[in-house]
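Worksheet for the structure shown next.
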Amino acid sequence: EKRAKRFKELFEILKEKAKAFVQDEAGDFLVLKRSGTTKHRPFESDLVGGKVDKTDSSVLEAMYREGLEEIGLFLQNPIFLRTVSQEKQTKKQLVTSETSLFQATVPGIRPELVLSDEHDGLLWLPGTELVLLEDLPERYRQVAVEMLVKDVVEPSQLDSFSAPESLVRFGRTIGQT
């Protein structure tokens, strides 16, 4: 048993993250475009958030901190949605990422944001377009669908919708707000 525990310590890593579906007062959602200089998923769509630091006392505190760091605003009215997990096997380790997803708001309609150097741009989208972004990670899109439909539409019905060409790849629409 000690050997198994030591193996796990050496070869398994758990990364905790906090991400938020950020809405303005009009109900539109903020989508960030990752910078081309980032190692992980460059130029792809992303939510506000990131890793839980050792200085964070909770994933909620990490969500607040990341909001300030990435967009220069304090996220308000957070609602915990759920945690999604992802496993990735590297040559030496199994890396498990557990991302706590929140829904949060910012004051105003499409407020002015100060982006960190981790991101090259942003879009404000209605929820129906958010769930159609092909380069938003599937695990986030699934939660977005759950958040938006809330027993109004069956998630399987969304399969019949198609994304407008301008939304197929976020990079094509960057710069538009």
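No hydrogens, no waters, no symmetry mates; every other heavy atom, side chains included, goes into these values. Numbers here are sequence positions counted from 1.
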Among L148, L136, V143, L125, which one satisfies side-chain contact (heavy atoms from CB on, under 4.5 Å) with V131?
L148
Non-hydrogen atoms of A20 and L47 that approach each other most closely
O-CB, 3.5 Å
Chi angles and distances behind the side-chain contact (heavy atoms from CB on, under 4.5 Å) call for L94, E87:
CA-CA 7 Å; L94 174 65; E87 289 186 346; 4.1 Å; yes
Would you say Q103's side chain and V22's backbone share a donor-acceptor pair under 3.5 angstrom?
no
Do you know the tightest heavy-atom contact between R82 and V84?
NH1-CG1, 3.8 Å
Here the gap from E129 atom CD to L123 atom CG, rounded to the nearest 0.5 Å, amounts to 9.0 Å
Can you say whether the rings of F102 and F80 are parallel (under 30°), tilted (30 to 60°) or perpendicular (over 60°)?
perpendicular
For E44, is there any backbone N or O sitting under 3.5 Å from a side-chain donor or acceptor partner on D135?
no
What are the two closest non-hydrogen atoms of F43 and G36, and how far apart are they?
CZ-CA, 3.2 Å
Say whether L75 and I79 are linked into one hydrophobic cluster, either directly or through other cluster members, by side-chain heavy-atom distances under 4.5 angstrom.
no
Any donor-acceptor pair under 3.5 Å linking the side chain of R34 with the backbone of R41?
yes
Decide whether F29 and I109 are clustered together by the hydrophobic rule: side chain heavy atoms of Ile, Leu, Val, Met, Phe, Trp, Tyr closer than 4.5 Å, transitively.
no
For L73 and L113, what are the C-alpha separation, side-chain angles and deciding distance, and is it a side-chain contact (heavy atoms from CB on, under 4.5 Å)?
CA-CA 7 Å; L73 288 178; L113 305 175; 3.2 Å; yes
Is it the case that the side chain of D24 and the backbone of R110 share a donor-acceptor pair, with hydrogens and angles ignored and the cut-off at 3.5 Å?
yes
Output the distance between atom OG1 (T37) and atom CG (D117), rounded to the nearest 0.5 Å.
6.5 Å
Can you name the nearest heavy-atom pair linking A18 to V52, along with the distance?
N-CG2, 4.3 Å
Linking I/L/V/M/F/W/Y whenever any side-chain heavy atoms sit under 4.5 Å apart, do L30 and F74 land together?
yes
Heavy-atom pair of closest approach, residues A62 and D56:
CB-OD2, 3.3 Å
Step by step, work out the side-chain contact (heavy atoms from CB on, under 4.5 Å) result for E70 and L32.
CA-CA 9 Å; E70 292 189 355; L32 301 175; 3.7 Å; yes
side-chain contact (heavy atoms from CB on, under 4.5 Å) between D46 and K19, intermediate numbers included
CA-CA 9 Å; D46 201 4; K19 297 270 187 176; 2.9 Å; yes
Rounded distance (nearest 0.5 Å) linking atom CD1 of I71 with atom CD of E118:
12.5 Å
Shortest non-hydrogen pair, V59 vs E16, comes out as CG1-OE2, 4.0 Å
Verify, without hydrogens or angle tests, whether T83 (side chain) and E98 (backbone) share a donor-acceptor contact under 3.5 angstrom.
no
Using 0.5 Å steps for rounding, measure from the CE atom of M147 to the CD atom of Q23.
6.5 Å
Trace of the salt bridge (charged side-chain N to carboxylate O under 4.0 Å, His left out) decision for R65 with E69
CA-CA 6 Å; R65 179 185 49 74; E69 287 177 7; 3.0 Å; yes
With rounding to the nearest 0.5 Å, note down the distance linking CG in D120 to NZ in K33.
5.5 Å
Value rounded to 0.5 Å, distance of NZ in K17 from OG in S85:
11.0 Å
Enclosure of E138 CD (heavy-atom neighbours >12, cutoff 6.0 Å):
yes
